[in-house]
Amino acid sequence: MTKKFFKFAKYALITLLVLFLLLVTGVGVRLLNAPKLQPWHTFIPAELTAEEMDKATWEQYIERENKIFDDVYREVSLKMPESEKNPVNRYFEGSRIYPSHFKENWNRSYLLMPEKPKGAVVLLHGLTDSPYSLRYVAQEYYKKGFVVLGLRLPGHGTVPGALTTITWQDWMAATRMAVREAKRMSPEGTPLHIVGFSQGGTLAIKYSLDAIEDHNLVRPDRLVLISPMIGITRLSKLAEILALPSPLPGFEKAAWLSIIPEFNPFKFNSFPINAVKQARLLIGETKRQIVRLHRDGRIKELPPVIAFQSIVDYTVSTPALINDLFSYLPNNGSELVLFDINRDTAFLPLVRPVFVNMVSRMLPDFPQRYKITVIGNTGPGDSDAVERSVRPGGKNFTAKKLEGLVYPPDVFSLSHISLPFPESDPLYGSSPDPKTKDEFGLNLGIISNAQGERGVLEINTNLFFRISSNPLFPYLTERIDDIIDEVPALTENPDAQDVNSKTKITKDEYDDIMKATDYNDGAF
């Protein structure tokens, strides 16, 4: 028995060694043509630790943030190779997109304080992103008299290298600090909202779940989620395997999913695999906590949730949003808002059938405990946007035309990154406001309209094929204004809590949709 065991162990060890050598060889081949790592990939700023953030004030967080940006200037901008000093490198002081030269550097945390606060809101941006992504939502809350705390999450806004060592626990600690401080700055008894975009949505949900289990945490009154990251591509774990050789000399670039020039002043283009790993771990922990609180009968303590989500999303899983979050929500006035594809576009014959039928395949059976709203149009010849809704406990859609809102004919769908930006945005907008179009030195939203031969531009134009602004953005802001103004009703139907219909889409439907939306490159 012992000899057989050692023989088996020997062959198993040899097999693992061969597999590791094959992996190293494969990764080495992949890295041959990978760009060289630059100072913004290798420098790692010293953020506050999770323990320090749990004791820190807003002023202390900002003090460390200011030091971090000074360190980035000294260690990255001042040490930049001559070959990288070009007009569209965000870390080159002479660049047209150098963030510190702008009137407002949206990579930094910010605080908007009205004279007479009526409440507080904490804004949480997405992975590799910055506080810029929720600037318009911030304006809506500020106009309504809310204290607005726009948080720069640890590892973001500075250099991509910062994400090589950060953990999801750091992000959660920063979220706790921000909520604690926002509540301190607002009058007792006034509402507290949390708005999360992409991974910021996961952090908002996770914090709210933690607040149910920890009485020391302030409970929010409302959650607003935009393209929330409740599930990501199943290929993310493969990326982590490819990073295994990265500690070996000469294999440092294996730790990166992509190494791309940094021409976006408020979002990282290069993507370290650790960021994917931490996102996956955060999502997994959040899902387990949802199931646990549902089993214990405490999920009913979660505040009302409204989620805005494109029916097709290259970055996050829309089916996971339904199956792993909304199917567990109590009857508390929550709502799922889905933006359908454009059915009045010349591109419709080219759209894959799985996406044409996505709404009918994705939605669970009616009735449900939450409101379901679908924004779209009816078909060829009708570009006007229509809102179709099913109330909690209801079984049939009611329709309402959205006056003045249309899908442009050249837009076949929205995207993960487009939802929080109007078409007039100076950086991402498809029709930037002439008064502000030069605010950030470059407009990435109109590059998709550029035409010419392949290989002429220094950047891969595939990065810009994705729509980056939302032609239906006025609807989103109108709905957020309604949430700010109104005390949410628990439900329109007192029997909705007792529905026993299918709360999730089936496994086969889920798998089919996931296969259609799994991609083999960086989706963030």
J.: Taking S258 for its side chain and S270 for its backbone only, find out whether a donor-acceptor pair lies under 3.5 Å.
T.: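 No: the side chain of S258 does not pair with the backbone of S270.
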J.: Look at the side chain of N269 and the backbone N and O of P261, then say whether any donor-acceptor pair between them is shorter than 3.5 Å.
T.: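 Pair found, side chain donor or acceptor close to backbone of P261.
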J.: Do Y428 and N264 have side-chain N/O donor and acceptor atoms under 3.5 Å apart?
T.: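 Side chains of Y428 and N264: pair found under 3.5 Å.
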J.: Would you give the length of the straight line joining atom CD1 of I375 to atom CD of Q309, rounded to the nearest 0.5 angstrom?
T.: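 Those atoms lie 13.5 Å apart.
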J.: Measure from the side-chain N and O atoms of N107 to the backbone N and O of P265, and report whether any donor-acceptor pair falls under 3.5 Å.
T.: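 The answer is yes, because a donor-acceptor pair under 3.5 Å joins these two groups.
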J.: Within the structure provided, determine whether L203 and L153 are in side-chain contact (heavy-atom separation under 4.5 Å).
T.: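 Side-chain contact under 4.5 Å: yes.
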J.: Can you check side chain to side chain contact (heavy atoms under 4.5 Å, CB included) on I194 and V179, steps first, answer last?
T.: CA-CA 8 Å; I194 304 179; V179 173; 3.9 Å; yes
J.: Using modelled atom types only, decide if a donor and an acceptor are shared between the side chain of D210 and the backbone of S208 within a distance under 3.5 Å.
T.: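 Pair absent, no side-chain N/O of D210 close to backbone of S208.
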J.: Could you go through the side chain to side chain contact (heavy atoms under 4.5 Å, CB included) check for I311 and F355 one step at a time?
T.: CA-CA 8 Å; I311 200 79; F355 297 122; over 6 Å; no
J.: Would you mind reporting whether P39 and P81 have side-chain heavy atoms less than 4.5 Å apart?
T.: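 Contact flag for P81/P39 side chains = yes.
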J.: Would you name the heavy atoms of L442 and I97 that are closest together and state the gap between them?
T.: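 Closest heavy-atom pair between L442 and I97: CB-CG2, 3.8 Å.
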J.: Once salt bridge (charged side-chain N to carboxylate O under 4.0 Å, His left out) is applied, do any residues pair with D170, and if so which ones, sequence neighbours excluded?
T.: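 With neighbours one apart ignored, the set is empty.
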J.: Heavy-atom distance under 4.5 Å between the side chains of Q60 and E52, does that happen here?
T.: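 No, their side chains stay 4.5 Å or more apart.
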J.: So, is the end of the R479 side chain (NZ or CZ) under 6.0 Å from the ring centre of F308 and within 45° of the ring's axis?
T.: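 No, a cation-pi geometry is absent between R479 and F308.
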J.: Going by an N to O cut-off under 4.0 Å, is there a salt bridge joining K67 and E63?
T.: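 No salt bridge links K67 with E63.
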J.: Carefully, step by step, assess R176 and Y207 under the rule side chain to side chain contact (heavy atoms under 4.5 Å, CB included).
T.: CA-CA 7 Å; R176 290 192 294 271; Y207 174 86; 4.0 Å; yes
J.: Sequence neighbours left out, what pairs pass side-chain hydrogen bond (donor to acceptor under 3.5 Å, both in side chains) with at least one residue falling in residues 149-165?
T.: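 side-chain hydrogen bond (donor to acceptor under 3.5 Å, both in side chains) check on residues 149-165 returns E47-R152, E65-R152.
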J.: With a 3.5 Å distance limit and no angle check, can you tell me whether S310 reaches the backbone of D313 through a side-chain donor-acceptor pair?
T.: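 No, the answer is negative, given that no donor and acceptor are paired below the 3.5 Å cut-off.
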J.: Using the test salt bridge (charged side-chain N to carboxylate O under 4.0 Å, His left out), find all partners of R96 that sit at least two apart in sequence or belong to another chain.
T.: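 In terms of salt bridge (charged side-chain N to carboxylate O under 4.0 Å, His left out), with neighbours along the sequence ignored, R96 is linked to no residue.
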J.: How many angstroms lie between atom CE of M358 and atom CD1 of I341, to the nearest 0.5 angstrom?
T.: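 Here the interatomic distance stands at 9.0 Å.
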J.: If I compare all heavy atoms of K437 with all of P432, which pair ends up nearest, and what's the gap?
T.: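 Scanning both residues, the minimum pair turns out to be CB-CB, 3.9 Å.
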J.: Drop me the distance from D438's CG to N443's CG, to the nearest 0.5 angstrom.
T.: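 Atom-to-atom, D438:CG and N443:CG are 9.0 Å apart.
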J.: How about K287 and I283: do any of their side-chain heavy atoms sit closer than 4.5 Å?
T.: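 Yes. Closest side-chain heavy atoms under 4.5 Å.
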J.: Over 60° means perpendicular and under 30° means parallel, so tell me whether W58 and Y61 are parallel, tilted or perpendicular.
T.: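 Judged by the thresholds at 30° and 60°, the geometry between W58 and Y61 is parallel.
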J.: Nearest 0.5 Å, please: how far is CG in L151 from OG in S130?
T.: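 Separation between the atoms: 11.5 Å.
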J.: Between S431 (side chain) and S424 (backbone), is there a donor-acceptor pair under 3.5 Å?
T.: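 Not at all, since once roles are kept as given, no pair shorter than 3.5 Å links the two residues.
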J.: Which pair of non-hydrogen atoms, one from Y407 and one from V411, has the smallest distance, and what is that distance?
T.: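 Shortest heavy-atom contact: CD2-CG1, 4.4 Å.
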J.: Quick check against the 3.5 Å criterion: does E423 have a side-chain atom that pairs as donor or acceptor with the backbone of S430?
T.: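 The answer is no, because no donor-acceptor pair under 3.5 Å joins these two groups.
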J.: Just by modelled atom types, is the I62 backbone N or O under 3.5 Å from a matching donor or acceptor in the R108 side chain?
T.: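 Checking the backbone N and O of I62 against the side chain of R108, no donor-acceptor pair under 3.5 Å is found.
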J.: Closest approach of Y141 and H193, non-hydrogen atoms and distance?
T.: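 In terms of heavy atoms, the two residues are closest at OH-ND1, 2.9 Å.
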J.: Nearest 0.5 Å, what's the CG-OG1 distance between L363 and T318?
T.: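 It is 10.5 Å, given to the nearest 0.5 Å.
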J.: Taking atom types as modelled, is there a side-chain donor on E84 or Y91 under 3.5 Å from an acceptor on the other?
T.: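 No, no side-chain donor-acceptor contact under 3.5 Å.
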J.: Strictly under 6.0 Å, is that where the ring centroids of Y132 and F440 end up?
T.: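 Y132 vs F440: aromatic centres under 6.0 Å.
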J.: Compare every heavy atom of A204 with every heavy atom of L225, then report the nearest pair and how far apart it is.
T.: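 So the two residues come closest at CD2-CB, 4.1 Å.
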J.: N377 side chain to V406 main-chain N or O, any donor-acceptor pair under 3.5 Å?
T.: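 No; zero donor-acceptor contacts below 3.5 Å.
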J.: For residues E93 and H101, determine if any side-chain heavy atom of one lies less than 4.5 Å from a side-chain heavy atom of the other.
T.: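 When only atoms from C-beta onward are counted, H101 and E93 do touch, with a gap below 4.5 Å.
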J.: Any non-hydrogen side-chain atom of L321 less than 4.5 Å from a side-chain atom of V316?
T.: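 The answer is no; the side chains never approach within 4.5 Å.
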J.: Quick check: do Y136 and L476 have side-chain heavy atoms less than 4.5 Å from each other?
T.: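 A side-chain contact under 4.5 Å is absent here.
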J.: Decide yes or no for L37 and W256: does some side-chain heavy atom of the first lie under 4.5 Å from some side-chain heavy atom of the second?
T.: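 Yes, their side chains come closer than 4.5 Å.
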J.: Between CG of L427 and OG1 of T436, what distance do you get to the nearest 0.5 Å?
T.: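 With rounding to 0.5 Å, CG (L427) is 10.5 Å from OG1 (T436).
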J.: Stepwise, does the side chain to side chain contact (heavy atoms under 4.5 Å, CB included) test hold for W171 with Q199?
T.: CA-CA 10 Å; W171 298 330; Q199 183 172 270; 3.0 Å; yes
J.: Check whether N274 reaches the backbone of I166 with its side chain - one donor and one acceptor, N or O, closer than 3.5 Å.
T.: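 Here the side-chain-to-backbone pair exists.
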J.: Which heavy atom of I259 sits nearest to which heavy atom of P35, and what is that distance?
T.: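 That would be O-CG, 3.5 Å.
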J.: Which residue in the set F339, Y314, F197 passes ring pair (Phe, Tyr, Trp, His ring centres under 6.0 Å) when paired with H416?
T.: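 Answer after filtering F339, Y314, F197: F197.
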